[in-house]
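Below, chains carry the letters A, B, ... as their sequence lines are ordered, and counting in each starts from 1. If you're wondering where the values come from, they're calculated on a predicted model, not measured in any experiment.
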Amino acid sequence: MSTEIMASANAEARAVTGAGPEARAMDLLRFATAGSVDDGKSTLIGRLLYDTKSLFTDQLAAVEAVSAARGDEYTNLALLTDGLRAEREQGITIDVAYRYFATPRRKFIIADTPGHIQYTRNMVTGASTADLALILVDARKGLVEQSRRHAFLCSLLRVPHLVLCVNKMDLVDWSQEVYERIADEFTAFAAKLDAPDLTVVPVSALRGDNIVTRSDNMPWYEGPSLLHHLERVHIASDRNLVDVRFPVQYVIRPQSTTVTDYRGYAGQVASGVLKPGDEVMVLPSGFTSRIAAVETADGPVAEAFPPMSVTVRLADEIDISRGDLICRPNNAPAVAQDIEAMVCWMDETAPLRVGGRYAIKHTTRSARAIVRGLHYRLDINSLHRDESADELRLNEIGRVRLRTTVPLLADEYRRNRTTGGFVIIDEATNRTVGAAMIVEAS
Amino acid sequence: MTTPAAYQVSHLDALEAESIFVMREVVAEMERPVMLFSGGKDSIVMLRLAQKAFAPANVPFPVMHVDTGHNFPEVLEYRDQRVAELGLQLVVASVPEALASGMVRESGDGMRNRIQTPVLLDAVEKHRFDALFGGARRDEEKARAKERVFSFRDEFGQWDPKNQRPELWSLYNGRHHPGESIRVFPLSNWTELDVWHYIAHERIPLPSIYYAHEREVIERDGMFYAVNEFFRPRAGEERFKAQVRYRTVGDASCTAAVRSDADTVEKVIEEVAATRITERGATRGDDRVSEAAMEDRKREGYF
Ligand SMILES: Nc1nc2c(ncn2[C@@H]2O[C@H](COP(=O)(O)OP(=O)(O)OP(=O)(O)O)[C@@H](O)[C@H]2O)c(=O)[nH]1
Ligand SMILES: [Mg+2]
């Protein structure tokens, strides 16, 4: 009996099939979990995989065996993502686990992140590329500081869609009142963050209520199950197709006797649409030219848009190298050495200090930077700005002014997640110590 | 104006674009990259992506095979043919040579999985490679599911799972001191099914053992092992002929086949989509040693 999967009286289980052979051209949703330690993130992912029949029998058997050996009363589905030895010993998630599943409607990449404050940087890693974040809250505890920190980080990282999952509803007697109190409190907090799109779902990750199928235990809830929402949330318009931004990654110049005089600029389209014939400007030089061709190894294409990796050829011979950026003459990012950014500090060994010098990586450009000022540090609970702060320690967030050695070709992060974000690297240890989101560049 | 819906990309195109981006980052930023190429399906897909990333120029780095000496002849032949076609430089890090020179010693169970690690690290040091592309995917195994795309390794090639570098957006940090290196996994986000869809879509030829064929096997722990010079049946294990194919290709002494009639890529895709067992679970004796076998090997410098 010790290794059952907990089950509730759900509406009749729906058959969800994996990606069949025909399922080549599906769209992709990347989502991350967030929320405080033990609020049920990994359990929810395990449940989602289990109920969509995405688990393999040997994976499930392994998890059942470990659960049984530990004397758990039920199969701990969190073990499906908590795969490291230390995670299993401590019963917490330490680093992001990536898992994959598909339904006939969509393909999903899951980043299951840790809730423990010590590993916030790993949560940030998982959330930085997410289209959607699931923020879990334990219904018994309500919002705690770590729920607010993660919600704030999601909004700072501009994860376009948020879903608040009020979890462990089984432990509060499926109470509508408890649910509504938490939903209201979170909605009020999210309004201050200017979170783009928020949905709220009451769930029991352990028992599977409202995960894949609607729950019979909460008839008062009229919204969709979590999976239903994940399958249908509209993400196509999240991409920026307006501002042409093409950071040059690598110059392709074959040293060959058959292909001569070839010079192509390889990169991934960050935003906008590039077409042959378009007038373009190259930064930082400011030279203009026309796109002669947009190529891939499979031949030329009529248009390139995010997230395509292509090679752009220009009509004129101009000097272009890695770190330059191709845009339109009438729509260009700032060419800026003075950068205002929100910074999340991720290093436990040394704080960010005014006067500190670091390496940075922004798009395909590397530079050095000096911290010129720290405007304030944020209190996560109250969102109060502490202007007397003179450093940012591990997991602290603040607004920072930096001066860079070479200009960045930068947009505001809220307008462009690729040309608006950069990482800060400690030159002595080579570790990535800060995540920065540009507020203003001049 | 075109509607945004027209600018959709399929998940396979998105994965391809991401992998190409990763490879170009490595070549632009690292000094001496090398790609691990075993002739297995993941490394074959990875090599195809490398061709695409740098076309019309040639693949701008050598490939390396860590040769355990326990090879499937079809795979070795494929490796050599592909290398010749693309005009690549092939580095072979040879376990048999390392055994002969005394650098490593055969382990008690005869499995060469663990002893390939020092051989790999020795070749890395000798050639001063600072970036090693590997075809590992996060969906393969629970420790792999935790690893970054750019995975920092210290001068002993060790992975420290509790202390990985944050990896935000697509800003990969490949900085390292001399002697340290970065393992790079361009296929991190691909699943087994994605790999097969891509093989079908790109019409990539594979070593024949990936498709159903008849072979003399024995059954052990529910897996089918080919009887060959590296694999000796134990007393009481009965040899018989079966229709099988390989889902993974590793060391011939510990890689098992699965029963299958799938003799075309379409049939393999159908089979993979319907299968209920992971590829490593179905085919790898080496992962069965303990719950954390892969994590432990990775800590020691394994891929
Ligand atoms: N009763 C009940 N228990 C739950 C539910 N969801 C999770 N749990 C339990 O809560 C505990 C913590 O669950 P995890 O899934 O590991 O929590 P987590 O959010 O992933 O924790 P970290 O990753 O370490 O931050 C486990 O014992 C779960 O079984 C739920 O819906 N109901
Ligand atoms: Mg967890």
Leading residue by heavy atom contact count with chain B [cutoff under 4.5 Å; candidates [options]]:
| options | result |
| --- | --- |
| Asp82(A), Val273(A), Ile109(A), Val269(A) | Val273(A) |
| Ile94(A), Ile425(A), Leu28(A), Thr129(A) | Ile425(A) |
| Arg417(A), Arg322(A), Met308(A), Arg253(A) | Arg322(A) |
| Gln255(A), Met346(A), Arg106(A) | Met346(A) |
| Thr296(A), Leu80(A), Asp298(A), Thr364(A) | Asp298(A) |
| Gln249(A), Gln59(A), Arg99(A), Arg121(A) | Gln249(A) |

* To do: Taking the side chain as every heavy atom from C-beta outward, state whether Phe152(B) and Arg431(A) have any pair of such atoms under 4.5 Å apart.
  =>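 The answer is no; the side chains never approach within 4.5 Å.
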Exercise: identify the closest heavy-atom pair between [X] and [Y]:
| X | Y | value |
| --- | --- | --- |
| Pro56(B) | Val259(A) | CG-CG1, 4.1 Å |
| Arg165(B) | Thr429(A) | NH2-O, 4.2 Å |
| Val9(B) | Pro307(A) | CG2-CD, 3.4 Å |
| Ser188(B) | Tyr100(A) | O-OH, 3.3 Å |
| Asn173(B) | Asn430(A) | ND2-O, 2.9 Å |
| Asp95(A) | Pro161(B) | OD2-O, 4.1 Å |

* Asked: What do the steps show when you test Arg85(A) against Asp296(B) for side chain to side chain contact (heavy atoms under 4.5 Å, CB included), and what is the final call?
  -> CA-CA 9 Å; Arg85(A) 202 190 274 285; Asp296(B) 294 343; 2.5 Å; yes
* Asked: Under the salt bridge (charged side-chain N to carboxylate O under 4.0 Å, His left out) criterion, do Lys361(A) and Glu25(B) qualify, and how do the steps go?
  -> CA-CA 12 Å; Lys361(A) 188 168 183 192; Glu25(B) 280 301 281; 2.9 Å; yes
So which part of [X] gets closer than 4.5 Å to some heavy atom of chain B, the side chain, the backbone, both or neither?
| X | result |
| --- | --- |
| Thr81(A) | backbone |
| Glu295(A) | neither |
| Ala436(A) | backbone |
| Leu60(A) | neither |
| Tyr98(A) | both |
| Ala304(A) | neither |
| Thr93(A) | side chain |
| Ser256(A) | neither |

* Of the backbone (N, CA, C, O) and the side chain (C-beta and beyond), which part of Glu167(B) lies under 4.5 Å from a heavy atom of chain A, both, or neither? ->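 Contact with chain A: backbone and side chain both.
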* **Region of Ala200(B) in contact with chain A, defined by heavy-atom distances below 4.5 Å** =>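 Neither part.
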* Stepwise, does the side chain to side chain contact (heavy atoms under 4.5 Å, CB included) test hold for Lys142(B) with Arg88(A)? -> CA-CA 12 Å; Lys142(B) 59 189 181 311; Arg88(A) 291 177 167 203; 3.4 Å; yes
Just so I understand: if I count every heavy-atom pair under 4.5 Å between each of [options] and chain A, which residue has the most?
| options | value |
| --- | --- |
| Ala28(B), Ala143(B), Pro60(B) | Ala28(B) |
| Arg175(B), Lys146(B), Arg148(B), His177(B) | Lys146(B) |
| Ala55(B), Ala145(B), Ser170(B), Gly174(B) | Ala145(B) |

* Any chance CG of Asn163(B) has more than 12 other-residue heavy atoms, nucleotides or ligands included, within less than 6.0 Å? ->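 Counting neighbours around CG of Asn163(B), more than 12 heavy atoms of other residues, nucleotides or ligands fall under 6.0 Å, so yes.
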* To do: Count the heavy atoms of every other residue, nucleotide or ligand shown that sit under 6.0 Å from CD of Glu31(B), and state whether that count exceeds 12.
  =>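 Count not over threshold, so no.
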Which value, rounded to the nearest 0.5 Å, describes the distance between [X] atom [atom1] and [Y] atom [atom2]?
| X | Y | atom1 | atom2 | value |
| --- | --- | --- | --- | --- |
| Phe101(A) | Thr191(B) | CZ | OG1 | 13.0 Å |
| Thr311(A) | Phe54(B) | OG1 | CZ | 10.0 Å |
| Gln164(B) | Tyr119(A) | CD | OH | 12.0 Å |
| His11(B) | Lys107(A) | NE2 | NZ | 4.5 Å |

* side chain to side chain contact (heavy atoms under 4.5 Å, CB included) involving Asn416(A) - partner list, sequence neighbours excluded ->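 Partners of Asn416(A) under the side chain to side chain contact (heavy atoms under 4.5 Å, CB included) test: Asn240(A), Arg245(A), Ser271(A), Asp411(A), Thr418(A), Thr419(A).
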* Looking at Tyr250(A), does the NZ or CZ of Arg24(B) lie under 6.0 angstrom from its six-membered ring centre and within 45 degrees of the ring axis? ->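 No, Arg24(B) and Tyr250(A) do not form such a contact.
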* Asked: Are Arg280(B) and Asp58(A) close enough for a salt bridge, meaning some N to O gap below 4.0 Å?
  ->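 Looking at Arg280(B) and Asp58(A), the cut-off is not met.
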Throw together a table of side-chain donor-acceptor distances under 3.5 angstrom for residues 15-23 of chain B, partners on residues two or more places apart or in other chains.
{"unit_1": "Glu16(B)", "atom_1": "OE2", "unit_2": "Lys52(B)", "atom_2": "NZ", "d": "2.8"}
{"unit_1": "Glu16(B)", "atom_1": "OE2", "unit_2": "Tyr198(B)", "atom_2": "OH", "d": "2.5"}
{"unit_1": "Glu18(B)", "atom_1": "OE1", "unit_2": "Arg30(A)", "atom_2": "NH1", "d": "3.1"}
{"unit_1": "Glu18(B)", "atom_1": "OE1", "unit_2": "Arg30(A)", "atom_2": "NH2", "d": "3.0"}
{"unit_1": "Glu18(B)", "atom_1": "OE2", "unit_2": "Asn189(B)", "atom_2": "ND2", "d": "2.8"}
{"unit_1": "Ser19(B)", "atom_1": "OG", "unit_2": "Leu15(B)", "atom_2": "O", "d": "3.0"}
{"unit_1": "Ser19(B)", "atom_1": "OG", "unit_2": "Pro186(B)", "atom_2": "O", "d": "2.9"}
{"unit_1": "Ser19(B)", "atom_1": "OG", "unit_2": "Trp190(B)", "atom_2": "NE1", "d": "2.9"}

